[in-house]
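Here the structure comes first, spelled out in structure tokens, and everything after it is commentary.
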There are 2 protein chains.
Amino acid sequence: MKDSPPPDTKEKILDTAEKEFATRGYSVTSLRKITSEAGVNLAAINYHFNTKQGLLMEVLHRCIDPMNRRRLEMLDALEAAGDYSVERIVRALLEPALRMKERYGVHGEYGIRILGKLHGEPAGVPHEVFTDLFHLVFTRFTAAFGKALPELPDEDRLWRLHFVIGAMAHTLASSDKLESLSCGLCNAVDTDAVVERLVSFASAGLTAPLPGTAAGGSGS
Amino acid sequence: MKDSPPPDTKEKILDTAEKEFATRGYSVTSLRKITSEAGVNLAAINYHFNTKQGLLMEVLHRCIDPMNRRRLEMLDALEAAGDYSVERIVRALLEPALRMKERYGVHGEYGIRILGKLHGEPAGVPHEVFTDLFHLVFTRFTAAFGKALPELPDEDRLWRLHFVIGAMAHTLASSDKLESLSCGLCNAVDTDAVVERLVSFASAGLTAPLPGTAAGGSGS
DNA sequence: GTAATATTCATACGTTCGTTTCAAACATAC
DNA sequence: GTATGTTTGAAACGAACGTATGAATATTAC
């Protein structure tokens with residue numbers, strides 16, 4: 001029975017699985033690849049995590065729970081101050097995700113990429129995994145945006161929130177692709193700049209005039 | 001040697017593979033599942049497509065090429081008229097994707113979901129597959145947005161385009177998740193409405209004031 | 001030290017995978 | 001008809017997968 005000083009098998013497995021899930025993907029990563037790279041025995045996975053999906057769940061919770069706690073902290077602070085600014089609520093939603101790398105180092109970076117990947121590939125991952133991980137965050141932020149955008153119909157608000165999540169997930173999962181596409185002009189190392197760009201983009205999208213309203217203002 | 005009247009093995013394979021890749025995902029779909037569901041022999045896949053990846057490529061081209069042709073048609077029309085409206089360029093980029101279902105029926109719907117899925121899961125799919133499929137579209141639209149938003153630095157413009165693509169991909173891949181999350185309030189059957197929502201969201205995001213510029217206007 | 005527990009190890013099981021083989025069925029041309 | 005090229009069929013290949021087993025080895029408790 002030990003908990004404090006184990007630079008241990010279990011942790012080595014978690015770290016390696018995290019890295020592989022993030023870079024290659026969950027369903028194409030074999031347990032043998034993980035254990036051989038971590039330098040541990042194959043059976044150790046079933047001993048510590050029972051199944052492959054058990055391992056995934058523990059990897060996910062380890063990297064996503066702190067992020068969601070931070071999100072709710074920031075939202076709590078806003079609500080305690082009665083602050084229902086769209087931009088600041090957006091920031092509370094996006095910044096903890098985008099800053100995971102600098103807060104949690106390599107673990108944060110990998111966790112973020114797993115998250116982004118899984119948004120589009122729930123292959124082999126049951127639906128309720130996501131529900132459990134994000135239900136509270138979704139509920140709280142939906143309500144906050146309801147207060148921040150009272151004139152916007154529920155349906156439009158949810159759609160726009162959906163678009164924001166998509167932009168975020170894509171940024172988290174594959175902003176390295178943008179780096180290669182732009183021949184290095186765009187890179188994600190300057191987290192501050194990415195946060196500002198995404199927050200301003202999302203805020204503008206959320207507060208856009210309704211399609212019916214004749215105030216687009218983007219004509220040539 | 002026949003081409004015109006084959007309600008054929010090859011087509012049955014393509015249809016079934018398309019459906020399975022779209023609903024379950026590429027890497028977790030086995031060739032045996034495809035052939036058994038299509039009612040054809042397992043070896044037929046290797047006869048007609050050589051490898052599993054060859055099958056994927058043909059599925060992708062069959063559903064994505066028409067969409068990209070339509071995008072470029074619409075962009076051609078705009079450029080021929082000297083029309084560099086952000087909203088209309090955005091529409092040329094997004095609408096052909098979102099309308100694939102009604103243009104190509106079930107094939108369009110499945111193709112769209114495969115596309116959305118693969119944006120986040122290039123697991124087992126080499127990088128140049130995407131490059132080949134989208135390089136021309138990316139180049140043309142990047143240039144068009146450069147003319148439509150001349151005051152925006154290249155870097156910001158590419159980032160915002162990246163966000164737009166993320167919002168689109170997420171909408172294509174998993175707007176059914178939004179339907180269940182919103183308890184049926186949001187659904188994607190009304191394509192017109194989804195197009196308008198996403199176009200207005202993306203246009204607003206693309207034309208947002210720069211983060212440095214003090215004109216956010218979303219403070220409470 | 002000894003007993004009890006916790007962890008690691010080598011190895012194997014049963015499945016399923018993508019791919020291949022080669023003969024049988026089919027179409028077409030002469 | 002026979003010959004030729006194309007498409008299907010049943011069966012198997014070797015490899016890799018997730019998982020399970022039981023003995024060996026650390027670790028802890030007394």
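Note on naming: letters A, B, ... go to the chains in the order of the sequence lines (proteins, then strands), and numbering restarts at 1 for each one. Note that the structure is predicted; figures quoted are calculated from it, not measured.
If you check every strand for non-hydrogen atoms under 4.0 Å, B:Thr29 touches sugar and phosphate atoms only. Nucleic acid contact class of B:Leu42 (heavy atoms, under 4.0 Å, all strands): base. Contacts of A:Ala43 with the nucleic acid, taken as non-hydrogen atoms under 4.0 Å apart, include base atoms.
Residue B:Leu31 has its side chain nearest to C:dT19 when only C:dT19, D:dA20, D:dG9 are considered. Distances were taken from every side-chain heavy atom of A:Arg32 (C-beta onward) to each of C:dG18, D:dG18, C:dT7; the shortest belongs to D:dG18. Minimum atom distance to the side chain of A:Lys52 is reached by D:dT19, of the listed D:dT7, D:dT19, C:dC17. The nucleotide whose nearest atom lies closest to any side-chain atom of B:Thr51 is, among D:dG18, C:dC9, C:dT19, C:dT19.
Taking atom CZ of residue B:Phe49 and atom P of nucleotide D:dT8, one finds them 11 Å apart after rounding to whole Å. Between the C1' atom of C:dT16 and the CD1 atom of B:Ile45 lies a distance of 15 Å, rounded to the nearest Å. Look at OH on A:Tyr47: it is 15 Å from P on D:dA26, rounded to the nearest Å. Nucleotide D:dG14 holds its P atom 17 Å from the CG atom of B:Asn46, rounded to whole Å. The nearest whole Å value for the distance from the CG atom in B:Asp8 to the C1' atom in C:dC26 is 12 Å. Distance B:Ile13 CD1 to D:dT7 P: 12 Å, rounded to the nearest Å. Distance B:Leu55 CG to C:dT19 P: 10 Å, rounded to the nearest Å. Spacing between atom CG of B:Asn41 and atom C1' of C:dT21 amounts to 12 Å, rounded to whole angstrom units.
Ionic pairing of B:Arg197 and A:Glu155 is present here: one or more N-O contacts between side-chain nitrogen and carboxylate oxygen are shorter than 4.0 angstrom. A salt bridge is absent between A:Arg69 and A:Glu73: the closest approach of a Lys/Arg side-chain nitrogen to an acidic carboxylate oxygen does not fall below 4.0 angstrom.
Taking the six-membered ring where the residue is Trp, B:Trp159 and B:Phe163 present tilted rings, their angle falling between 30° and 60°.
Residue B:His48 places none of its side-chain N or O atoms closer than 4.0 Å to OP1 or OP2 of D:dT6. Dashed line: the shortest gap from a side-chain N or O of A:Ser30 to OP1 or OP2 of D:dC17 is under 4.0 Å. For A:Thr9, a side-chain nitrogen or oxygen approaches OP1 or OP2 of C:dT8 to under 4.0 Å.
In this structure, B:Lys52 places its NZ atom where more than 12 heavy-atom neighbours from other residues, nucleotides or ligands lie under 6.0 Å away.
No side-chain heavy atom of A:Lys10 sits under 4.5 Å from any side-chain heavy atom of A:Tyr47.
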